[in-house]
Amino acid sequence: MPIDDDLYESLRMELRRGSLVLAVLARLREERYGYTLRQALAGDGLEMEESTLYPLLRRLETQGLLASEWREEDRRRKRFYRLSPEGEAMLARLLDEWRGISASLSAIIDKTS
Amino acid sequence: MDLVDAYLRAIAAHLPKADRDDIVAELRDTILDRLEAREAALGRPPTEAEIEAELHAVGHPLEVAARYRRGASQLIGPRLYPYYLFVLRVALSLQLAISAIVFIVALTRGEGDLGHALTAAIGSIINGAITLVGLATMAALIIEHYQVRLGFLDRWRVKDLQVLEILAFDPLPVLDWVMGRAVTASATDAGPREPWRDPRPRRRRRRGPVNPLLWIASGAVLTLWWVGALHFFPSGALRDDPELAIFGPFARLDWAAVKAAVFIPVLGYGLAQIGVGAAMLWRPAERRVYVAGRLAVCLVALWVILQAWLASPLTPAIGIADLQDMWSRIEQLWTPPPWRIPEAVIALWFPLAALGEIQRVLWFAWRLMSAAPVPMDARAAGR
């Protein structure tokens with residue numbers, strides 16, 4: 001059913017969108033640059049397109065949740081990102097919310113299945 | 001690295017000025033990382049084609065730049081969209097009503113004939129609709145771009161909402177229906193299969209064949225215009241129009257004689273279109289009726305083309321006697337004087353159009369004879 005595939009894909013994207021922000025913030029408790037961040041996320045089982053990741057990093061930085069600096073590594077200047085103190089606080093709040101949602105969902109699923 | 005630089009320059013041109021250098025530097029680093037990973041995997045530097053493929057994977061420059069743009073990334077956002085549609089619906093309904101009233105008044109006061117009044121009404125509906133859609137879109141764009149807060153949208157009361165029920169008419173399904181692509185894309189729709197619809201479930205909606213009513217309408221307009229009942233194109237004034245001088249020999253043609261020469265075939269073409277529409281309405285499930293109708297339309301079209309090209313007062317201006325003649329017509333396309341180009345284009349159009357029509361005739365004839373329910377060919381049907 002090709003139409004169902006399309007529908008699944010769009011629902012899946014919607015479901016993932018918010019959690020990816022969480023994953024990025026959590027992964028940036030350690031300083032990384034884009035390429036290694038992407039590899040780390042892929043290693044965690046969260047493949048993320050460059051086209052999604054880089055604009056997201058920039059947006060999170062303008063929102064004050066990330067700090068960045070240009071530094072030389074492997075003979076090239078790279079932009080390193082790290083969670084800012086504000087980002088740390090935001091991540092804590094979001095994780096609370098995430099755990100809440102997850103607990104509610106588990107309860108609903110256990111009840112109905 | 002020329003390719004990467006050219007690619008980055010294309011992106012940079014569309015980035016916000018303030019962050020341009022920063023974003024480009026980061027993108028360059030990302031792309032170089034990609035290329036290095038590729039090189040490591042290949043065991044040799046990537047070829048130009050492979051670099052190109054990597055850049056393709058990153059995305060079209062306009063698309064990449066758009067991801068970094070701040071503010072709305074759509075003309076009309078999901079919050080505003082229902083209001084936008086509603087305003088358009090009200091405005092278009094009013095405009096339709098006004099045009100109808102003007103039309104009726106013009107008729108009852110006996111100003112001009114039916115043809116004139118109808119032409120004026122259709123013209124004002126089309127012009128008005130385009131203007132209204134344009135204005136509404138512009139207004140929505142401004143609201144979206146400047147994030148204008150529309151306070152009155154939040155201050156509604158239930159007892160004022162009756163107006164929404166009166167204007168609940170949704171034009172989109174009508175549009176779908178007229179365009180002949182009503183929910184065929186939905187796999188759950190197990191409605192009756194009409195021969196002009198492809199019965200296979202489709203991933204994407206594609207251009208469907210037009211609705212029977214459009215066949216009838218287009219045939220009727222052509223027929224009425226041809227016999228002189230509609231006057232939206234001043235065919236009598238053709239010869240006196242100085243702008244037509246660029247058409248060289250066409251400016252000196254006796255258009256009345258041309259019309260007389262092709263009068264019967266063009267009339268037949270209009271009537272055949274009406275016939276196809278009527279046949280589709282009469283036997284919606286009968287594939288052969290539809291295919292036979294299409295075949296008839298194509299045959300008449302071929303007649304029109306051949307008659308005008310080979311046996312009308314146009315023939316001396318555009319006729320092509322032999323291959324030598326054909327080649328000199330083709331050469332005319334790029335040799336001065338430029339005002340002979342339209343003449344060459346028209347002269348070359350006729351044989352090409354005739355060939356296209358012959359191909360269609362053969363296609364529909366084959367379809368008529370083959371018993372298998374051949375799915376509709378979108379290209380042949382989209383005429």
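Just so it is clear: chains get the letters A, B, ... in the order the sequence lines come, proteins before strands, and each one is counted from 1.
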Problem set entry | Residues A:Lys78, B:Asp33: salt bridge by 4.0 Å N-O rule |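 A salt bridge is present here (some side-chain N lies under 4.0 Å from a carboxylate O).
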Exercise. Is it true that B:Asp29 and A:Arg76 have a side-chain N and a carboxylate O under 4.0 angstrom from each other?
Worked result: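 Yes.
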Exercise. Is it the backbone or the side chain of B:Ala57 that comes under 4.5 Å from a heavy atom of chain A, or both, or neither?
Worked result: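 Neither the backbone nor the side chain of B:Ala57 comes within 4.5 Å of chain A.
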For this session: Measure distances from B:Leu27 to the heavy atoms of chain A and classify the residue's part below 4.5 Å as side chain, backbone, both or neither.
Result: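 Contact with chain A involves no heavy atom of B:Leu27 at all.
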Look at atom [atom1] of [X] and say whether more than 12 heavy atoms of other residues, nucleotides or ligands are closer to it than 6.0 Å.
{"X": "A:Arg93", "atom1": "CZ", "value": "no"}
{"X": "A:Met90", "atom1": "CE", "value": "no"}
{"X": "A:Glu47", "atom1": "CD", "value": "no"}
{"X": "B:Glu48", "atom1": "CD", "value": "no"}

For this session: Give the member of B:Val64, B:Asp19, B:Ile23, B:Val58 that has the highest number of heavy-atom pairs under 4.5 Å with chain A.
Result: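 With the most close heavy-atom pairs to chain A, the winner is B:Ile23.
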Problem set entry | Greatest number of heavy atom pairs closer than 4.5 Å to chain B - which of A:Arg58, A:Glu49, A:Glu50, A:Arg59 |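 Sorted descending by pairs with chain B, the first entry is A:Arg58.
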Problem set entry | Minimum-distance pair of heavy atoms, taken over all atoms of B:Ala37 and A:Tyr35 |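 Where B:Ala37 meets A:Tyr35 most closely, the heavy atoms are CB-OH, 3.3 Å.
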Problem set entry | Minimum-distance pair of heavy atoms, taken over all atoms of A:Tyr81 and B:Glu26 |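 That would be OH-OE2, 2.6 Å.
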